Amino acid sequence: MPRPSRPTSRTAAGARGAAVRPDRRLRLWVLAVMLVLALLCARLVQLQGADASALAARALAQRTSQLTLHAERGEVLDARGVVLATSVERRTVVADPSIIASFNTRADGSPRDEDLPQGPAGAARLLAPVLGVDEETLTGKLTGEGRYAVLARGLTPETWQRVVALDVSGIASERTTQRIYPAGDAASTLVGVLGRDGQALSGLEMADDELLTGTDGSMRYERSLQGQQIPLGESETTEAVDGHSLHLTIDRDLQWKAQTAIAAKVEETGARSGTVVVMDRQQRLLALASAPSIDPSNLTGFTNTQLNNTALTEAFEPGSTAKVVTMAAVLEEGVETPASRFVVPDEIERADKVFHDSHSHEDENLTLAGVLATSSNTGTIMAGEKLDAGTLYDYQRAFGFGSRTALEFPGETAGIVAPPEEYSGSQRFTVMFGQGLSVNAVQAASVFATIANDGVRVEPSLVSGTSSPDGDYTPSPAPASSRVVSSGTATTLRQMMEAVVEEGGTAQAANIPGYLVAGKTGTAQRYDDEVGRYNGYTASFIGMAPADDPQLVVAVILQDPRTSYYGGSTAGPVFKDVMTYALRQRGVPPSASEPARLPLEWGVAP
């Protein structure tokens with residue numbers, strides 16, 4: 001038999017390579033698998049070991065939400081505990097659009113409710129009537145891949161419960177508060193207001209914002225994909241600390257009366273503005289009303305000027321009400337008495353300027369009491385020039401002119417009282433009858449309260465105390481006080497001012513039957529910053545009652561009234577209205593004394 005032929009060397013080598021190659025491939029595959037496993041093990045060790053804490057923290061952060069726990073803002077209360085400002089619970093409704101995208105959709109993509117659209121449109125159809133938001137607008141807010149969208153703000157808890165009853169997944173709420181003012185516009189410029197963002201804009205809300213605000217807390221919690229809190233998940237809460245409440249000396253009912261009266265007079269006279277200040281003899285402020293005012297529930301279109309309480313923020317030349325300071329200085333320094341005699345001309349020349357009385361008249365034989373009762377400018381100059389300028393300036397400052405009160409009210413003006421070395425030529429004399437200096441209404445009223453308090457000035461006060469969130473009450477420190485004139489001078493001044501409201505005086509319209517009233521009118525040229533010159537008048541009346549035992553002081557100021565600018569006829573009736581109400585409200589008995597009836601003229605046959 002023939003022998004099989006041998007393969008050539010190339011064929012043999014190829015056969016050997018083919019036999020060896022599968023083993024080599026296997027080894028390579030095994031090596032590759034082991035390398036991959038090694039890498040996976042290394043990564044597993046890294047994840048479970050070195051990076052475990054960081055990854056866990058990152059995962060926790062992704063499923064953790066944080067909410068601000070807003071502190072409850074303190075209340076503002078009147079002297080009887082009646083609420084003037086408080087906060088009520090409100091809800092801000094928010095949505096997770098990524099969850100809303102599957103609204104009304106089953107797992108297989110079919111609708112759960114055939115009557116509702118799927119997704120944002122369907123959710124909007126349910127929510128819009130309850131939230132009070134246009135359906136199309138709401139659909140737009142619910143559409144998108146974001147996780148947070150604000151749908152509505154300021155909902156009452158009752159409205160929020162109606163939203164909850166709709167059972168729309170992805171809808172939640174954030175608890176907020178809304179400031180409300182039960183007294184409405186009667187105390188809005190005094191109490192102040194908050195803006196929509198909760199920022200204090202004016203009044204006591206601004207002055208005591210830090211005290212009222214408190215300190216917000218926070219809450220961290222784990223949530224599910226649907227936004228629900230995981231019951232046993234990690235959580236941490238820092239409780240909010242509520243703000244303190246303010247207790248005022250203001251009487252809400254008297255504030256309302258004063259506000260109503262001055263608003264009506266501003267409308268009647270076409271005045272630019274009006275102010276009423278009511279205080280007791282200890283200068284506790286019982287009412288600070290200003291008109292025009294604002295509705296704190298609707299701040300649309302308001303101006304910063306409308307937020308101001310003009311009793312403290314508006315400076316004006318007081319006119320003849322400042323003659324009381326001149327008379328107090330003259331009496332206290334002993335240079336004149338109520339019976340001192342003056343031949344009072346219609347005009348008088350001083351410092352190259354001719355000064356006139358408000359009405360033309362022949363020379364009049366007036367006592368000092370008569371000069372005040374008739375509000376004579378020329379007679380006041382004749383009495384006041386017997387004092388040196390520095391002495392009168394000292395009395396003006398002692399009565400509180402030229403200094404802000406301790407109220408620390410936003411925008412309060414100190415007024416302007418120039419020292420004698422800065423006087424113009426005629427200013428030495430104009431300040432005697434209330435021009436060439438400026439004050440605010442509280443400063444002007446303070447002079448009369450000092451006279452009512454037998455010559456002792458007490459720093460005006462507005463806040464009687466504060467209470468903590470737990471209800472612990474802390475009274476305010478006693479206000480500073482100082483004697484300005486003697487008790488005898490104060491009594492004499494009250495008797496002199498009684499004649500102002502009697503027959504022949506300048507404010508008969510301020511007389512209150514059954515009560516002795518002591519007061520003074522003011523009619524001054526008004527400096528208008530808008531035109532840079534005197535333009536119009538300031539009409540005022542400030543008085544106290546009962547004059548024989550003063551309990552209350554009421555100041556009425558009208559800026560630029562158009563129908564009449566005399567203080568007696570314009571401001572006097574408002575004084576009578578407000579003071580009558582206040583006396584009856586506080587149970588002040590009628591006067592037991594007869595009027596002093598000091599002689600106003602001399603040389604007149606009986």
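Computed from a prediction, not measured in an experiment: that's the story for all the values here.
If you check the side chains of T489 and T492, you find no donor sitting under 3.5 Å from an acceptor. Side chains of T378 and S376: a donor on one and an acceptor on the other come within 3.5 Å. Side-chain polar atoms of S481 and E459 form no donor-acceptor pair below 3.5 angstrom. Between the side chains of S375 and S320, at least one donor N or O lies within less than 3.5 Å of an accepting N or O. At a cut-off of 3.5 Å, with distance as the only test, a side-chain donor of S290 or T189 sits close to an acceptor on the other residue. In this structure, a donor-acceptor pair under 3.5 Å is absent between the side chains of D185 and S293. Under 3.5 Å, the side chains of R397 and S403 contain a donor-acceptor pair of N or O atoms. Between the side chains of D295 and S297, a donor-acceptor pair is found at a separation under 3.5 Å. Defined by atom type and a distance below 3.5 Å, a donor-acceptor pair is present between the side-chain atoms of S87 and R179. Between the side chains of E75 and T86, at least one donor N or O sits under 3.5 Å from an acceptor N or O. A donor atom on one side chain and an acceptor atom on the other are found under 3.5 Å apart for T506 and T521. Between the side chains of E332 and S486, at least one donor N or O sits under 3.5 Å from an acceptor N or O. Of the N and O atoms on the side chains of S461 and T249, not one donor lies less than 3.5 Å from an acceptor on the other residue. Of the N and O atoms on the side chains of T380 and N377, not one donor lies less than 3.5 Å from an acceptor on the other residue. A side-chain donor-acceptor contact under 3.5 Å links S467 and H247.
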- request: Quick one: do S569 and S564 satisfy side-chain hydrogen bond (donor to acceptor under 3.5 Å, both in side chains)? Show the steps, please.
  value: CA-CA 8 Å; S569 59; S564 172; 3.2 Å; yes
- request: I would like to know whether R281 and D454 meet side chain to side chain contact (heavy atoms under 4.5 Å, CB included); could you show each step before the answer?
  value: CA-CA 9 Å; R281 60 190 293 170; D454 289 331; 3.7 Å; yes
message: Using the rule given for salt bridge (charged side-chain N to carboxylate O under 4.0 Å, His left out), can you reason through D560 versus R272, listing the C-alpha separation, both sets of side-chain angles and the distance that settles it, and then say yes or no?
response: CA-CA 6 Å; D560 199 19; R272 293 196 184 195; 3.3 Å; yes
field: Chi angles and distances behind the side-chain hydrogen bond (donor to acceptor under 3.5 Å, both in side chains) call for D394, T391
entry: CA-CA 5 Å; D394 290 341; T391 299; 5.5 Å; no
message: Walk me through whether Y581 and D253 qualify under side chain to side chain contact (heavy atoms under 4.5 Å, CB included).
response: CA-CA 10 Å; Y581 177 91; D253 293 343; 3.5 Å; yes
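Inter-residue side-chain proximity for T450 and V456 is flagged as unmet; no heavy-atom pair is nearer than 4.5 Å. At least one side-chain heavy atom of M497 sits under 4.5 Å from a side-chain heavy atom of I451. Between Q178 and E89 the shortest side-chain heavy-atom distance does not fall below 4.5 Å. Looking at R586 and L286, their side chains come closer than 4.5 Å, going by heavy atoms from C-beta outward. Taking the side chain as every heavy atom from C-beta outward, Y395 and T326 never approach each other to under 4.5 Å. Looking only at side-chain heavy atoms (C-beta outward), T313 and E412 stay at 4.5 Å or farther from each other. Side-chain contact between L201 and L307 is present, with heavy atoms from C-beta onward closer than 4.5 Å. For the pair V554/I542, no side-chain contact is recorded, criterion being any heavy-atom separation below 4.5 Å from C-beta on.
Distance check: I180 CD1 to L84 CG gives 11.5 Å after rounding to the nearest 0.5 Å. Atom CG of L312 is separated from atom CD of Q443 by 8.5 Å, given to the nearest 0.5 angstrom.
Contact between P460 and L407 at its shortest, heavy atoms only, is O-CD2, 3.4 Å. In plain terms, the two heavy atoms of V458 and P479 that are nearest each other are CG1-CG, 3.7 Å. Residues L204 and F409 approach most closely at N-CE1, 4.1 Å, considering heavy atoms. Residues A311 and L288 come closest through the heavy atom pair CB-CD2, 3.5 Å. When all heavy atoms of V578 and V278 are compared, the closest pair comes out as CG1-CG2, 3.9 Å. Closest of all the heavy-atom pairs between G567 and T523 is N-OG1, 3.1 Å.
With respect to the salt-bridge test (charged N to carboxylate O, under 4.0 angstrom), the residues R533 and D528 do not qualify. The pair E317-R526 fails the salt-bridge criterion, with no side-chain N (NZ, NE, NH1 or NH2) lying under 4.0 Å from an Asp/Glu carboxylate O. Here R597 pairs with E502 in a salt bridge; the nearest charged N to carboxylate O distance falls below 4.0 Å.
When the shell of 6.0 Å around CD of E267 is examined, it contains 12 or fewer heavy atoms from other residues, nucleotides or ligands. In this structure, E421 places its CD atom where more than 12 heavy-atom neighbours from other residues, nucleotides or ligands lie under 6.0 Å away. Environment of CD1 in I416: sparse, with no more than 12 heavy atoms of neighbouring residues, nucleotides or ligands closer than 6.0 Å.
Across L77, L212, V191, a single residue satisfies side-chain contact (heavy atoms from CB on, under 4.5 Å) together with L246, and that is L212. None of F541, F448, Y515 except one satisfies the ring pair (Phe, Tyr, Trp, His ring centres under 6.0 Å) rule with F575; the exception is F541.
Within the 3.5 Å criterion, the main-chain N or O of L516 finds a donor-acceptor partner in the side chain of S591.
Listed by chain and number, the residues in a salt bridge (Lys or Arg N to Asp or Glu O under 4.0 Å) with R73 are E205, D209 (sequence neighbours excluded).
Classified by interplanar angle (parallel below 30°, tilted 30° to 60°, perpendicular above 60°), the ring pair Y537/Y565 is parallel.
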